[in-house]
Amino acid sequence: HIGVLVRMTIQTDYGVVEYEDSDLVIFPDGLFGFPKLTKYLLLNLNEDDDSMLLMVSVEECRVEFVLINPFLLCPDYSPTLAPQELSCLGVDEEEELSYYAICVVKENYLENTVNLKCPLVINPQTRHGIQVILEGSLYDYRHEMRSFSAVVDSENGSDE
């Protein structure tokens, strides 16, 4: 069946989504707490904006993560990867990679947090990724998202 395009579907909180194998991001070692789930689909939460994504496991569709571009929250975010992490992703330079932070979404949005210490790092060319722990960094597992609102508001020209 070489060359045959196989379309699959997955049920998400946002309805049924069609995808192909080439749409998946593969985490060969899984994610922390989910070592056996390796195949994920990234979905834009807003159609024209990829700063926030929903990452859904295609192996267990009830496992979903809200991801955010950490550089939007923290413009001076500077994750440093170990040489073996770069090698695992098949790159020489960190600039070739995409970074996402996992958000913990609470009922009260003022309690939402983001994990800047353990970003997901994806090679957009190969669509392979890893989750890393940024050792020796000042980043935390639970940065409050509201602490970033002043940064976001000031960048948008708001005084609030």
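Not measured: the values here are computed from a predicted model. Residues: numbered from 1 along the sequence shown.
When every heavy atom of Pro35 is checked against every heavy atom of Thr38, the shortest pair comes out as O-CG2, 4.2 Å. Closest approach of Lys39 and Glu59 over heavy atoms only: N-OE1, 3.1 Å. The nearest pair of heavy atoms linking Lys117 to Glu135 is NZ-CA, 4.5 Å.
Atom CD of residue Glu18 and atom CG of residue Leu41 lie 11.5 Å apart, to the nearest 0.5 angstrom. Distance check: Phe65 CZ to Leu54 CG gives 10.5 Å after rounding to the nearest 0.5 Å. For the atom pair OG of Ser57 and CD1 of Ile10, the computed distance is 6.5 Å after rounding to the nearest 0.5 Å. Summarising the geometry, atom CG belonging to Leu97 is positioned 10.0 Å from atom CD belonging to Gln125; distances are rounded to the nearest 0.5 Å. The distance from the CG atom of Leu67 to the OG atom of Ser98 is 11.5 Å, given to the nearest 0.5 Å.
Using a 4.5 Å cut-off between side-chain heavy atoms of Ile, Leu, Val, Met, Phe, Trp and Tyr, with links allowed through other members, Val63 and Ile130 fall into different hydrophobic clusters. The hydrophobic clustering, which links ILVMFWY residues whose side-chain heavy atoms are closer than 4.5 Å, places Val66 and Tyr77 together. Hydrophobic cluster membership is shared by Leu43 and Tyr19, with clusters built from Ile, Leu, Val, Met, Phe, Trp and Tyr side chains linked at under 4.5 angstrom. Note on Met55 and Tyr100: same hydrophobic cluster, where clusters join Ile, Leu, Val, Met, Phe, Trp and Tyr whose side-chain heavy atoms are under 4.5 Å apart, directly or indirectly. Hydrophobic clustering places Phe71 together with Leu89 (ILVMFWY residues linked when any side-chain heavy atoms are closer than 4.5 Å, directly or through intermediates).
In terms of modelled atom types and a separation under 3.5 Å, the side chain of Gln11 and the main chain of Cys61 share no donor-acceptor contact. Between the side chain of Glu96 and the backbone N or O of Asn123, no donor-acceptor pair lies under 3.5 Å. In this structure, Asn115 contributes its side chain and Ile102 its backbone to no donor-acceptor pair below 3.5 Å. Under the 3.5 Å distance criterion, the side-chain polar atoms of Gln131 are matched with a main-chain donor or acceptor of Cys118.
A search for side-chain hydrogen bond (donor to acceptor under 3.5 Å, both in side chains) contacts involving Glu60 returns Arg62, not counting sequence neighbours.
Using a 4.5 Å heavy-atom threshold, the side chains of Pro79 and Tyr99 count as touching. The closest side-chain heavy-atom distance from Leu24 to Arg127 is not below 4.5 Å. Counting only heavy atoms from C-beta outward, the side chains of Val17 and Val56 never approach each other to under 4.5 Å. Taking 4.5 Å as the limit, some side-chain heavy atom of Pro119 sits within range of a side-chain heavy atom of Val132. Inter-residue side-chain proximity for Asp21 and Met8 is flagged as met; some heavy-atom pair is nearer than 4.5 Å. Residues Pro70 and Val114 have side chains not in contact (no heavy-atom distance under 4.5 Å, counting atoms from C-beta outward).
When the options Ile122, Leu31, Val58 are evaluated for a side chain to side chain contact (heavy atoms under 4.5 Å, CB included) with Tyr40, the one that passes is Leu31.
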